[in-house]
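Everything on this sheet refers to the single structure shown next.
For reference, positions follow the sequence shown, starting with 1. Predicted, not measured: the structure shown is a model, and the values here were computed from it.
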Amino acid sequence: MVFGAHEFTGLSPAASADPAACADLRAALAEHAVICLRFDRALDDDEARAIATMIGPIKDPVGRTRDGGTLRYSEDRQIVDAGFVLTDELRAQLGDLSFGGVDPLRPGLFETFHTDDTYTERPAAATVLHARELPSGPGGDTRFLDMRAAFSMLGPDHKRLIGLHAAYSYNNRGAFPPRVSAEGPFEALVDVEHPIVRAHPVTGRPSLYIDLDRATHVVGMPVAEGRALLQSLQDHAEANAPRYAHAWHPHDVLVWDNASVQHKASGDFPLGEPRRFWRYMIEGPVPRAYE
């Protein structure tokens with residue numbers, strides 16, 4: 001199966017005012033799950049926001065907390081710096097704070113396949129990354145798994161998954177080693193549950209929807225049994241699902257559908273070199289189970 005990013009060139013931020021252009025981008029994203037918009041220069045924040053809103057409204061990252069309040073867990077434009085190297089001095093200042101990256105020197109580098117925003121009640125429908133600064137040579141790709149295909153490749157075994165839900169928490173307490181759990185003030189957010197087999201909000205197509213960086217257990221199953229099930233599904237996807245590696249060009253805007261794919265960063269670029277992006281998340285609905 002061919003799986004890759006559908007490319008758009010020659011698009012202007014002014015196209016955000018064109019309903020037909022917006023519809024074309026949204027349709028391509030629903031079909032291909034990953035789209036790449038090529039630009040010949042860096043966009044400013046207003047322009048990048050205009051492009052992002054062609055997919056949908058930019059999410060305001062505020063969630064409910066266990067004590068009945070609300071908590072901002074990100075800015076609506078996040079600066080993602082996977083090349084940032086953690087110094088001993090800064091490590092001492094941060095203490096036990098962790099965002100979940102497995103690289104001890106580059107904490108913003110997420111090299112495990114995952115899905116964005118699963119620890120929230122309405123996870124982002126799509127993620128939009130605009131390349132600001134890239135490594136000098138090869139390396140630093142963003143890699144994707146097609147979780148629609150991962151589900152279809154299960155065959156008759158898929159029936160036992162329909163109707164099951166996984167529970168998610170900002171800090172999943174090391175549920176799936178060697179993945180490193182996130183720690184810090186955002187642990188105050190409420191825990192959530194999402195279907196393991198998710199119906200796409202536009203196409204209705206089913207896909208596996210799991211994120212072992214945040215999952216804690218399968219609802220209604222013994223914890224160990226549920227975790228073994230989730231790990232087996234992740235292992236299946238990584239062994240069998242079609243993959244795509246996006247080799248970044250300067251100024252790319254890459255958009256992916258969080259209901260359809262998992263992604264991860266590749267850390268195969270020189271230590272100390274930048275890999276910096278602006279990230280916008282697009283509002284999404286409460287995930288709906290496939291029936």
T127 and side-chain contact (heavy atoms from CB on, under 4.5 Å): which single residue from D116, D117, V255, V80 fits?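 Looking at D116, D117, V255, V80, the match for T127 under the side-chain contact (heavy atoms from CB on, under 4.5 Å) is D116.
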Is a donor on one side and an acceptor on the other found under 3.5 Å between the side chain of [X] and the backbone of [Y]?
{"X": "H158", "Y": "G155", "answer": "yes"}
{"X": "H200", "Y": "T203", "answer": "yes"}
{"X": "D268", "Y": "G140", "answer": "yes"}
{"X": "E47", "Y": "D44", "answer": "yes"}
{"X": "D60", "Y": "V62", "answer": "no"}
{"X": "T9", "Y": "R38", "answer": "no"}
{"X": "H165", "Y": "G163", "answer": "yes"}
{"X": "H217", "Y": "A167", "answer": "no"}
{"X": "R243", "Y": "E238", "answer": "yes"}

Could you tell me if Y244 and D141 have a donor-acceptor pair between their side chains, going purely by distance under 3.5 Å? no
Side-chain H-bond candidate by donor/acceptor type, S181 with N172, under 3.5 Å: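 Present: a donor and an acceptor within the cut-off.
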Check whether NZ of the Lys or CZ of the Arg R214 lies under 6.0 Å from the centre of the six-membered ring of Y170 and within 45 degrees of that ring's axis. yes
What distance separates [X] [atom1] from [Y] [atom2], expressed to the nearest 0.5 Å?
{"X": "R160", "Y": "I196", "atom1": "CZ", "atom2": "CD1", "value": "9.5 Å"}
{"X": "R198", "Y": "I210", "atom1": "CZ", "atom2": "CD1", "value": "13.5 Å"}
{"X": "D24", "Y": "L29", "atom1": "CG", "atom2": "CG", "value": "12.5 Å"}
{"X": "S74", "Y": "K59", "atom1": "OG", "atom2": "NZ", "value": "9.5 Å"}
{"X": "N240", "Y": "L145", "atom1": "CG", "atom2": "CG", "value": "10.5 Å"}
{"X": "L230", "Y": "D235", "atom1": "CG", "atom2": "CG", "value": "11.0 Å"}

Would you mind checking if E187 and R173 are paired as a salt bridge, meaning a charged N to carboxylate O distance below 4.0 Å?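 A salt bridge links R173 with E187.
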Relative to the ring of W278, is the ring of H130 parallel (under 30°), tilted (30 to 60°) or perpendicular (over 60°)?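 H130 vs W278 ring planes: perpendicular.
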Please verify the inter-ring angle class for H194 with Y209; under 30° counts as parallel, over 60° as perpendicular, anything in between as tilted.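 Perpendicular, since the angle between the ring planes exceeds 60°.
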Indicate yes or no: at least one non-hydrogen side-chain atom of [X] is less than 4.5 angstrom from one of [Y].
{"X": "W256", "Y": "T115", "answer": "no"}
{"X": "F277", "Y": "V253", "answer": "no"}
{"X": "D211", "Y": "Q262", "answer": "no"}
{"X": "P61", "Y": "D76", "answer": "yes"}
{"X": "R148", "Y": "F3", "answer": "yes"}
{"X": "F176", "Y": "T112", "answer": "no"}

If two hydrophobic side chains count as joined below 4.5 Å and joins carry through other members, does [X] share a cluster with [Y]?
{"X": "I58", "Y": "M54", "result": "yes"}
{"X": "F144", "Y": "L208", "result": "no"}
{"X": "L11", "Y": "L43", "result": "yes"}
{"X": "L129", "Y": "I35", "result": "no"}
{"X": "L164", "Y": "L233", "result": "yes"}

If I compare all heavy atoms of [X] with all of [Y], which pair ends up nearest, and what's the gap?
{"X": "S266", "Y": "E111", "answer": "C-OE2, 3.9 Å"}
{"X": "P287", "Y": "E121", "answer": "CD-O, 3.9 Å"}
{"X": "A124", "Y": "M281", "answer": "CB-CB, 3.6 Å"}
{"X": "C22", "Y": "A15", "answer": "SG-O, 4.1 Å"}
{"X": "L254", "Y": "C36", "answer": "CD1-CB, 3.8 Å"}
{"X": "Y290", "Y": "I162", "answer": "O-CG2, 3.2 Å"}

Check this for me: R77, atom CZ, are more than 12 non-hydrogen atoms of other residues, nucleotides or ligands nearer than 6.0 Å? yes
side-chain contact (heavy atoms from CB on, under 4.5 Å) for L25 and I55? Distances and angles first, verdict last. CA-CA 7 Å; L25 284 190; I55 304 300; 4.0 Å; yes
Per the side-chain hydrogen bond (donor to acceptor under 3.5 Å, both in side chains) rule, which among Q234, H263, K264, R179 passes with H114?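 That would be H263.
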Could you walk me through whether D252 and H246 pass the side chain to side chain donor-acceptor pair (under 3.5 Å) check? CA-CA 10 Å; D252 276 356; H246 184 74; 3.0 Å; yes
Does any pair with a residue in residues 124-136 pass salt bridge (Lys or Arg N to Asp or Glu O under 4.0 Å), and if so which ones, sequence neighbours excluded? E133-R276
Ring pair (Phe, Tyr, Trp, His ring centres under 6.0 Å) between Y73 and Y119, intermediate numbers included: CA-CA 11 Å; Y73 60 91; Y119 57 92; 5.6 Å; yes
Under the criterion side chain to side chain donor-acceptor pair (under 3.5 Å), I'd like the reasoning laid out for T142 against R275: C-alpha separation, chi angles, the key distance, then a yes or no. CA-CA 11 Å; T142 297; R275 186 181 181 274; 2.9 Å; yes
H251 and D40: side-chain contact (heavy atoms from CB on, under 4.5 Å), yes or no, with the steps? CA-CA 7 Å; H251 320 310; D40 58 8; 5.6 Å; no
Under the side-chain contact (heavy atoms from CB on, under 4.5 Å) criterion, do L229 and L161 qualify, and how do the steps go? CA-CA 10 Å; L229 172 61; L161 303 176; 4.0 Å; yes
Holding to side-chain contact (heavy atoms from CB on, under 4.5 Å), I want the full list of residues that pass it with V286, two or more places apart in sequence or in another chain.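 Result, side-chain contact (heavy atoms from CB on, under 4.5 Å) vs V286: R122.
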